[in-house]
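Given the structure is predicted, the values throughout are model-derived calculations rather than measurements. Within every chain, numbering begins at 1; the chains are lettered A, B, ... in the order of the sequence lines, protein sequences first and strands thereafter.
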Amino acid sequence: MEEHKQTTIPEIFLTPYEASAHEAAIYQLWEKSGYFNPDTCIRDGITKKDADTFAIIMPPPNANGRLHAGHGTDMTLKDILIRFNRMRGKRTLFLPGSDHAGFETQGVFEKKLQKEGRSRFGMDRDQLYQEIYDFVMENKSVMETDLRALGVSCDWSRYTFTLQPDIVERVQKTFVKMYEDGLIYRGKRCIHWNPKFKTSLSDIETMFEDRVEKFYYFQYGPFVIGTSRPETKFADKYIVVHPDDPRYATYKHLQEFEIDWINGPIKATLLKDEVADMEKGTGAMTITPWHSQVDFELAQKYHLPIEQIIDWDGKLLPVAEEFAGMKIEQARPLIVQKLKEKGLLVEIDEKYSHAVRLCERTSVVVEPQVKDQWFVRMDTLAKMTLNALDAKKFRILTERHEKIFRHWMENSQDWNISRQIVWGIRIPAWFKGDEIKTQLTSPGTGWEQDPDTFDTWFSSGQWPLVTLGYPEKEDFSTYYPTNVMETGADLVFKWVPRMLMFGLYLTGEVPFKDVYFHGMVLDKHGKKMSKSKGNVLSPVDLGAEFGTDATRMAFVVANPPGSDMPLSEDKVRAYKKFSNKLWNITRFTVASCADHDPETSVTFSARDQEILADLSAVVSSVTSDIDSYKMYLAAENIYHYIWHEFADKVLEESKEILSSEDENAKVARQRVLMNCLTTSLKLLHPFMPFVTETIWQKLESAYKDQSLLMVAKWPTT
RNA sequence: GAGCGAUUAGCUCAGCUGGUAGAGCGCUACAUUGACAUUGUAGAGGUCACAAGUUCAAGUCUUGUAUCGCUCACCA
């Protein structure tokens with residue numbers, strides 16, 4: 001008997017589970033089957049032609065680097081949903097792609113240029129574009145390899161890149177349509193300017209940093225004004241005070257003063273306006289419309305002249321006279337010194353703390369500048385989106401994020417979509433003198449195309465539409481709207497609202513029904529992962545060391561929607577042990593059932609029935625948990641069942657029955673065990689696809705409804 | 001400055017519509033050629049941040065306080 005068992009256990013089970021020995025081959029098996037593509041599933045009769053659809057558009061990882069822990073969570077959660085629904089017989093599409101990530105990629109590339117002692121300025125536009133293109137293509141393939149390593153079951157035949165010609169054309173057409181509909185306008189506004197990378201930025205591409213700096217008080221005629229930026233004050237000719245400020249009651253609105261200023265006498269005018277804050281400093285300020293949004297708006301209100309003080313490189317212009325050509329940091333102390341010598345410096349507050357706006361990607365201090373740019377008018381689109389939310393056309397799974405989302409939507413400013421970089425989709429607008437035309441091809445001789453490109457979010461905002469081939473392709477009518485948008489909470493403003501706005505605007509329908517935000521992956525102490533702290537865990541490296549399945553489990557368990565999750569190697573290691581536990585459970589079960597004939601009829605004992613009922617209960621709870629996006633509970637549930645119920649209790653108590661003389665009882669129990677095993681493998685497959693499929697491949701075909709577990713039928717109760 | 005969240009066993013966290021606390025890891029003891037030491041069995045460990053309130057009954061609802069964290073914001 002012992003010898004018989006030895007020969008029927010596949011040899012593979014005799015040594016511990018070694019993930020790296022199986023994963024690549026298993027992925028190849030899946031990919032070769034063609035079943036990542038729903039059309040192939042229909043062709044082979046695995047999925048019914050009229051089955052419900054389940055579609056997820058992959059948030060395109062930026063085509064400029066490797067996958068990080070954030071992607072790990074992201075991809076794992078989506079792949080679980082996809083595998084689950086595929087096994088349930090839905091027409092399931094996971095559509096992959098990558099994003100050119102305009103400014104970010106160009107930033108990465110410019111660093112590379114810098115190392116080589118080169119600069120993009122002065123480079124030919126087409127040459128620069130081509131070089132970045134080659135650079136991105138190289139990195140793109142790395143990213144695709146990483147996705148495969150994570151076991152992501154996406155349909156590679158539908159792979160989309162944001163700069164491929166049909167996508168570019170679609171995005172440009174949207175621009176033209178929006179311009180015609182009055183949702184896009186070109187206007188001179190005070191925008192965020194990055195003087196180092198020489199491009200404008202939208203609000204969401206900037207961030208604030210609290211800094212303690214000097215705050216200066218200067219005598220400005222009869223007033224004392226405060227400023228943290230003396231270098232912008234050369235051309236300030238208007239003082240603003242609050243109309244109710246008693247300190248300035250004796251002065252009149254529009255009263256003029258002859259005063260001595262940095263570079264000599266000037267004529268200044270008093271404005272009384274409520275924007276002035278009486279609590280702030282002396283309650284009096286001068287305005288610099290070209291370099292401040294508030295001041296710019298005030299200048300527009302009173303039709304004041306505006307003048308540029310700082311150039312596009314961040315250097316002072318001739319208006320600064322002796323300081324012209326100087327960088328701000330260099331000029332500031334000299335200007336203060338000069339004012340001090342003139343007796344105009346009243347006081348310096350050394351500990352003034354305020355928020356400084358920085359470029360989110362490069363941490364360069366942003367300089368407000370007035371510039372002609374293209375803007376998307378947000379009011380109509382935001383309202384459209386909020387209406388859809390109110391009408392429950394889509395829902396945000398976490399209440400907290402819904403609040404945040406609403407608040408942002410209600411307060412969103414017009415969106416600057418032009419960028420002064422080459423890496424992106426060129427804006428299809430043409431200029432001839434003061435004339436403007438928006439169309440995809442040149443209107444004729446004498447017309448110059450706008451050199452600017454779109455903000456990345458202008459194209460990725462249309463991602464669900466363009467990937468599915470809006471408006472004419474069949475995929476669009478089949479899979480739009482998609483089921484769920486699962487993405488990082490950091491995209492609650494950047495990406496999600498834009499997809500909703502574009503989707504609703506162009507099709508009248510939301511692009512997805514549910515929005516699932518996952519939190520950030522933190523290190524084991526709950527700190528942000530960052531290269532400088534050296535606490536970064538790469539999903540690919542973790543997968544190589546502990547197995548991809550273990551890594552996936554670590555990303556899912558205890559990771560409820562909306563909250564951040566600490567991750568440690570210990571956690572991953574725990575699930576590596578679990579892979580091996582499952583491996584040994586299989587070894588024991590298969591060995592114990594080697595002489596079992598799956599065709600014979602059996603009579604279950606009361607205990608057998610109880611075991612099967614328990615199994616059923618697990619099936620239904622795992623199913624409903626995933627259905628309600630509680631993957632974190634489902635994963636724990638199936639883990640707990642397999643280890644502490646199936647292995648610790650069922651298998652242990654079965655040992656006696658399996659070695660007993662009661663042939664009927666033994667055969668029935670064997671049937672029960674094989675049932676528990678195959679059902680467990682199915683339930684666990686979405687979470688731990690590799691080890692479950694590896695085992696499945698070694699099971700006798702009589703126990704399988706499909707030769708690939710990936711497309712086996714999800715158990716029902 | 002505003003908003004939001006968190007505070008439960010040493011660590012990381014579950015505890016849905018209120019009824020006298022749970023999981024994983026860790027720890028302790030014991031077991032070991034018997035599917036698996038990437039193991040099993042047993043066990044220790046918490047006045048659920050603090051204060052007040054509602055209730056027959058409160059981690060669970062209300063209010064306030066404290067600490068931590070996140071996000072947003074045109075403060076000269």
Which parts of nucleotides 69-76 of chain B does protein reach within less than 4.0 Å, heavy atoms only, written one letter per nucleotide 5' to 3' as B for base, S for sugar-phosphate only and - for none?
-> --SSBB-B
Non-hydrogen side-chain atoms of Trp290(A) and Ile310(A) separated by less than 4.5 Å | no
Distance-only donor-acceptor test, Lys581(A) side-chain atoms vs C36(B) base atoms, 3.5 Å | yes
Can you check whether Gly221(A)'s main-chain N or O pairs, donor with acceptor, with Gln219(A)'s side chain at less than 3.5 Å?
-> yes
More than 12 heavy atoms of other groups within 6.0 Å of His407(A) NE2 | no
With rounding to whole Å, what would you report as the distance between U20(B) and G24(B) at their C1' atoms?
-> 25 Å
Rounded to whole Å, CH2 of Trp583(A) lies from C1' of C36(B) at a distance of 13 Å
Contact string for nucleotides 21-28 of chain B, one letter per nucleotide 5' to 3', B = base within protein heavy-atom range under 4.0 Å, S = sugar-phosphate only, - = neither, reads --SS----
Interatomic distance at C1', C25(B) relative to U65(B), whole Å = 34 Å
Round to a whole Å and report the spacing from CG of Asn580(A) to P of A35(B).
-> 15 Å
Distance between the P atoms of U62(B) and A58(B), in whole angstroms?
-> 15 Å
For atom P, what is the distance between G3(B) and U55(B), given to the nearest Å?
-> 30 Å
If you measure from the C1' atom in G19(B) to the same atom in U38(B), how many Å do you get, rounded?
-> 42 Å
Within the pair Lys403(A) and G5(B), is there a side-chain N or O less than 4.0 Å away from OP1 or OP2?
-> yes
Intra- and inter-strand pairs of RNA chain B in dot-bracket (Watson-Crick or G-U wobble, both distances under 3.5 Å; | for another strand) | (((((((..((((........)))).(((((.......))))).....(((((.......))))))))))))....
OP1 or OP2 of A35(B) less than 4.0 angstrom from a side-chain nitrogen or oxygen of Lys655(A), does that happen here?
-> yes
Send over the distance from Arg587(A) CZ to C36(B) P, rounded to a whole Å.
-> 5 Å
